[in-house]
Amino acid sequence: MQPVFPGTVSAAGEPATLGVMGGGQLGRMFVHAAQRLGYFTAVLDPDPHSPAGLVSHHHIQTGYSDAEGLAQLSALCAAVTTEFENVPAGALQTLAATRPVAPGAACVAIAQNRIEEKSHFVACADVSGVTCAPYAVIESQAQLDVVPADLLPGILKTARMGYDGKGQVRVKNAAELAAAWAGLKGVPCVLEKLLPLKAECSVIVARGWNGDITGFAPQRNVHVDGILAVTHAYASNMPAALALRAQAATKSIANHIGYVGVLCVEFFVIDDGSEHGGLIVNEMAPRPHNSGHYTMDACDVSQFDLQVHAMTGLPLPQPRQHSPAIMLNLLGDVWFDAAGTDRTPDWQAVLALPGTHLHLYGKLHARPGRKMGHLNITGPDLASVKATAHQAAVILGLPGLDRL
Ligand code: ADP
Ligand code: MG
């Protein structure tokens, strides 16, 4: 496709406008990256207070499938991207009839459904060299009845709409599995074998319309209660051989479906008796990812910069990480004390620490578990980054300290 430059003036007499489906924090950081390059932006999200809508030139406040809203978005925008995977694939298809849309509807549809996603990973396994956890699809009582016993204990996951550990139930035996599936109202699910995790990591790549692909080194992620708590991003964060395999696998997973845009693939490192452990592919997100937020302060090109470059057909430079980094996720819990009373986190103390970069998403209300912001910590060496992260985590009362 012809590159879309910010200097290109649209019919409305504005610099080229880039659109994003969804107005959450990922959309907000995309908008900031696009605006830095001089683009105008348009966000489609029904919420009048959406974090991205509040900072965008245009905010179309309709549902994601609203024909009028989609028509407005395509009339305004030179290209459109998405910031969450549950945007209806049909809406992306509608937009794609008149505008470049990256990632495309077919790729997003795979990422929105764990059954399709796992089939994709299985189809790629020969090339990617990585398999997913043993699993069974459960869409009917007949499939439930023949679930192999060696998948238990396991995790039952809804095929759609799961995120941050939601829509998942851990089950030890067939009786618990049957009860859990009934509890999930019998919606399509996958049962995955519970694996002995040594660690978790993710890889973020960006692929262009011409097939060029670039990306970041893997980051190691620590989850608490199913939600990302800490990302470790530095050279020694995992064994080099595993890191190379994860990067190569992510590229083949993107190439296999002609993906265009930023893609994040999550992996498990499992204890398989080998020296470094085995690599298992978990899931993919068709967009920038929470685990890539450190790139905003520790790299010369961030994951959001790459999202802008990929969708507009600009070159995809190889990012360079110039500082070791740790990212601490800031959930709404930080805005409450132990007694459940509202408090303002002690930003004064946190920001007095060297190399702290605070990102807040402009959300008006804090709720436990709600992603409110993140704190990136960079420094001249890993020891100082770790020490600062530890101090910040203590000040903020963050979980997962033992694993910092
Ligand atoms: P989500 O869409 O909520 O991120 P995931 O499939 O990534 O769903 O699961 C959330 C977390 O649950 C993972 O990051 C991991 O810590 C744990 N988990 C998921 N699947 C397995 C598994 N098969 N074995 C062990 N732990 C798992
Ligand atoms: Mg996940």
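On a predicted model such as this, the values are computed, not experimentally measured, just so you know. In each ligand, atom 1 is the first atom listed, and ligand 1 is the first ligand listed.
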Q | Under-4.0 Å protein heavy-atom contact, atom 11 (C) of ligand 1 | A |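 No, because not a single protein heavy atom sits under 4.0 Å from atom 11 (C) of ligand 1.
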
Which residue and atom name correspond to the protein heavy atom nearest [atom], and how close is it?
| atom | value |
| --- | --- |
| atom 21 (C) of ligand 1 | I155 CD1, 3.4 Å |
| atom 1 (P) of ligand 1 | E283 OE2, 3.3 Å |
| atom 8 (O) of ligand 1 | Q168 NE2, 2.8 Å |

Are [X] and [Y] close enough for a salt bridge, meaning some N to O gap below 4.0 Å?
| X | Y | result |
| --- | --- | --- |
| D305 | R36 | yes |
| E192 | K118 | yes |
| E85 | R287 | yes |

**Q.** Shortest-distance N/O/S atom, E266 versus the Mg ion (ligand 2)
**A.** OE1

Q | For the Mg ion (ligand 2), the closest N/O/S atom belonging to E283 | A |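 Atom name of the closest N, O or S in E283: OE2.
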
**Q.** Nearest option to atom 15 (C) of ligand 1, as decided by whichever heavy atom of H223, K157, E200 sits closest
**A.** E200

Q.
As a check for students: among R114, K193, R170, E117, identify the option with a heavy atom nearest to atom 2 (O) of ligand 1.
A.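 Heavy atom nearest to atom 2 (O) of ligand 1 belongs to R114.
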
Q: Just jot down the ligand 1 atoms closer than 4.0 angstrom to any heavy atom of L194, in number order.
A: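 Going through ligand 1 atom by atom, the ones under 4.0 Å from L194 are 24 (N), 25 (C).
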
Q: Test Q307 against T81 for side chain to side chain donor-acceptor pair (under 3.5 Å), laying out the working first.
A: CA-CA 8 Å; Q307 186 180 17; T81 187; 3.2 Å; yes

**Q.** Short N or O distance, E266 and ligand 1, threshold 3.5 Å exclusive
**A.**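 Checking ligand 1 against E266, an N or O pair does fall under 3.5 Å apart.
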
Q: Record the part of L197 in heavy-atom contact with ligand 1 below 4.0 Å; permitted values are side chain, backbone, both and neither.
A: side chain

